[in-house]
Amino acid sequence: MKNYIRIRIIFFAILMIAPINVYAYKYGLGSCLDQDREQNIWSSIKNEDLDGFIFLGDNVYGDIPNGKLSKMQKAYQTQKKRLPKWLLDKEIIAIWDDHDFGLNDGGGDYPLKKEAEKMFLNFWNIPNSDPRRNREGIYFRQTKDVEGVKIEIIGLDTRYFRSKLIKSKNVYTKNNNPKATILGRDQWLWFESSLSSSNADVIIILSSIQILATNHPYEKWDNFPLERKRLLDLIADKAKNKTVILVSGDRHKSGIYQNKNFVEITASSLNRQASPGEETDPLLIGKTFRMKNYGILDIEPSENKITLSIHDKNGMMVNSKIINIHQER
């Protein structure tokens, strides 16, 4: 009898110390984080018990109209002190957008882009062995295994190689020049190769600017229709037997968009909310949310699902979408 009791005590003790929630991986998502504004949204994000956080660009506001990088260095120094310590202990993934690239709406003709890239890589502690240290552009790919489900994250650089935007009456219009590009030749070759060689079950593609949205007059992939079609065709082909998710920032508004092949979540902004105004789009699910917000990408293989959600600054969910995980057998 005593041995039986002892065994039960040991059994329950093991249960008490065994790790829990090991069958999921949760990323926070966010963009547009001004180093000089309050950042109290981090308290709500901390409560999500994240495994990692994906910064989607405009991670500091260091640009000035003449393109000089004097403010950028100071912006990084300030942001380094303001990011919460608990966050720095998590996995952090980052891409950039124009305000941490160096020039508002800037592209491939920005003369200080090499210097800006070095600042970006240094701030995010990208190791010297990383390919980003030895090539132009901050695009990357990385993989992980979550309970037997292979996850691949592909981060695109929509700034370093991008052709000039076309503006008419203060509105960006379509650039249909067949030579115009967003990704540039080398990044396109790399991206196509990355997709074709991927054996992941889930592919998560990060783009600072929105891919699916078409109605608004600001920066988006639809400003370069030929590039967007090329991208969507590639992704649609991969989505036939993979789960593909697009993640973007930039807009100071959040939203979830769906076409027939895949979903895009836009998580923006962490502390710079948009001006009032309604926004519609053919592919928008529900409404955009213009107040301060963050996103969640919750991978739950044991439930065969991924949940995408948008949360306000207090942590309340304002929009969500559940996606089934497609696994090849």
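Numbering starts at 1 and runs along the sequence shown. For clarity, every value in this text was computed on a predicted model and none was experimentally measured.
- Checked by atom type and distance alone, the side chain of Arg82 pairs as donor or acceptor with a backbone atom of Arg37 at under 3.5 Å.
- Between Glu219 and the options Arg251, Arg159, Lys167, a salt bridge (charged side-chain N to carboxylate O under 4.0 Å, His left out) holds for only Arg159.
- Applying the salt bridge (Lys or Arg N to Asp or Glu O under 4.0 Å) test to residues at least two apart or on different chains, the pairs with a partner in residues 286-298 are Glu38-Lys292.
- At a threshold of 4.5 Å between non-hydrogen side-chain atoms, the residues Trp42 and Leu83 count as touching.
- Tested against Ile203 for a side-chain contact (heavy atoms from CB on, under 4.5 Å), the candidates Ile235, Ile153, Ile154 yield a single pass: Ile154.
- Residues Asp100 and Asn59 bring a donor and an acceptor atom of their side chains to less than 3.5 Å of each other.
- Sorted by first and then second residue, the pairs that involve residues 78-105 and meet ring-ring contact (aromatic ring centres under 6.0 Å, His included), not counting sequence neighbours, are Tyr61-His99, Trp96-Phe101, Trp96-Phe120, Phe101-Tyr110.
- Residue pairs satisfying the ring-ring contact (aromatic ring centres under 6.0 Å, His included) criterion with at least one member in residues 270-321, sequence neighbours excluded, are listed as follows: Tyr294-His311.
- Counting only heavy atoms from C-beta outward, the side chains of Leu297 and Leu308 approach each other to under 4.5 Å.
- A donor-acceptor pair under 3.5 Å links the side-chain atoms of Glu264 to the main chain of Ile211, judged by distance alone.
- When side chains are defined from C-beta on, Lys253 does not count as touching Thr266, because their heavy atoms never get closer than 4.5 Å.
- Considering only heavy atoms from C-beta on, Asn215 stays 4.5 Å or farther from Leu284 through its side chain.
- Under the 4.5 Å side-chain contact rule for hydrophobic residues, Phe53 and Leu88 share a cluster.
- Side chain to side chain, Asn122 and Tyr76 fail the donor-acceptor criterion of an N or O pair below 3.5 Å.
- Each of Phe123 and Ile64 belongs to its own hydrophobic cluster when Ile, Leu, Val, Met, Phe, Trp and Tyr are linked at side-chain heavy-atom distances under 4.5 angstrom.
- Neither Leu226 nor Ile182 shares a network with the other; the hydrophobic side chains, linked directly or stepwise wherever heavy atoms of I, L, V, M, F, W or Y lie under 4.5 Å apart, form separate groups for each.
- For Ser193, the side-chain contact (heavy atoms from CB on, under 4.5 Å) test picks out no residue, with sequence neighbours left out.
- A distance of 13.5 Å separates CZ in Phe262 from NZ in Lys238, rounded to the nearest 0.5 Å.
- With respect to the salt-bridge test (charged N to carboxylate O, under 4.0 angstrom), the residues Lys240 and Asp237 qualify.
- Within the 4.5 Å cutoff, side-chain heavy atoms of Ile209 are placed close to those of Asp97.
- Rounding to the nearest 0.5 Å gives a distance of 12.0 Å between CG of Leu246 and OH of Tyr257.
- By the side chain to side chain donor-acceptor pair (under 3.5 Å) test, Gln273 is found to be paired with no residue, residues two or more places apart in sequence or in another chain being considered.
- When the ring pair (Phe, Tyr, Trp, His ring centres under 6.0 Å) test is applied to Trp188, no partner is found at least two apart in sequence or on another chain.
- Note: the hydrophobic cluster containing Ile166 does not contain Leu183 (ILVMFWY, side chain heavy atoms under 4.5 Å, direct or indirect links).
- Residues Thr158 and Ser208 have side chains that bring a donor and an acceptor to within less than 3.5 angstrom of each other.
- In this view, Glu91 and Tyr25, Tyr27, Gln142, Lys144 satisfy the side chain to side chain donor-acceptor pair (under 3.5 Å) rule, not counting sequence neighbours.
- In summary, the side chains of Glu115 and Gln73 do not present any donor paired with an acceptor at a separation below 3.5 Å, with no hydrogens or angles considered.
- Each ring-ring contact (aromatic ring centres under 6.0 Å, His included) pair with one or both residues in residues 147-167, not counting sequence neighbours, would appear here, but there are none.
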Stepwise side chain to side chain donor-acceptor pair (under 3.5 Å) test for Ser163 and Thr181: CA-CA 5 Å; Ser163 299; Thr181 185; 5.5 Å; no
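- Every residue two or more places apart in sequence or in another chain was checked for a side chain to side chain donor-acceptor pair (under 3.5 Å) with Ser44, and none qualifies.
- Under a 3.5 Å cut-off, the side chain of Asp201 and the backbone N or O of Lys150 do form a donor-acceptor pair.
- Summarising the geometry, atom NZ belonging to Lys164 is positioned 12.5 Å from atom CG belonging to Asn177; distances are rounded to the nearest 0.5 Å.
- Residues Gln39 and Gln79 form a side-chain contact, since some pair of their non-hydrogen atoms from C-beta on lies under 4.5 Å apart.
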Output side-chain donor-acceptor pairs under 3.5 Å for residues 124-131, partner residues at least two apart or in another chain, one line each.
unit_1, atom_1, unit_2, atom_2, d
Asp130, OD1, Arg132, N, 2.8
Asp130, OD1, Arg132, NE, 2.9
Asp130, OD2, Arg132, NH2, 3.0

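- Sorted by first and then second residue, the ring-ring contact (aromatic ring centres under 6.0 Å, His included) pairs with a member in residues 191-232 read His216-Tyr218; sequence neighbours excluded.
- Using modelled atom types, one finds a donor on one side chain and an acceptor on the other under 3.5 Å when comparing Ser198 with Glu152.
- Between Asn271 and Asn40 the shortest side-chain heavy-atom distance does not fall below 4.5 Å.
- Under the side chain to side chain donor-acceptor pair (under 3.5 Å) criterion, Glu278 pairs with no residue, sequence neighbours left out.
- Criterion: ILVMFWY side-chain heavy atoms under 4.5 Å apart, direct or through other members. Under it, Met291 and Leu33 are part of a common hydrophobic cluster.
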Side chain to side chain donor-acceptor pair (under 3.5 Å) between Glu279 and Thr288, worked out: CA-CA 7 Å; Glu279 183 172 312; Thr288 58; 5.1 Å; no
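- The backbone N or O of Pro225 sits nowhere less than 3.5 Å from a side-chain atom of Asp222 that would complete a donor-acceptor pair.
- When atom types are taken as modelled, the side chain of His252 and the backbone of Ser269 share no donor-acceptor pair closer than 3.5 angstrom.
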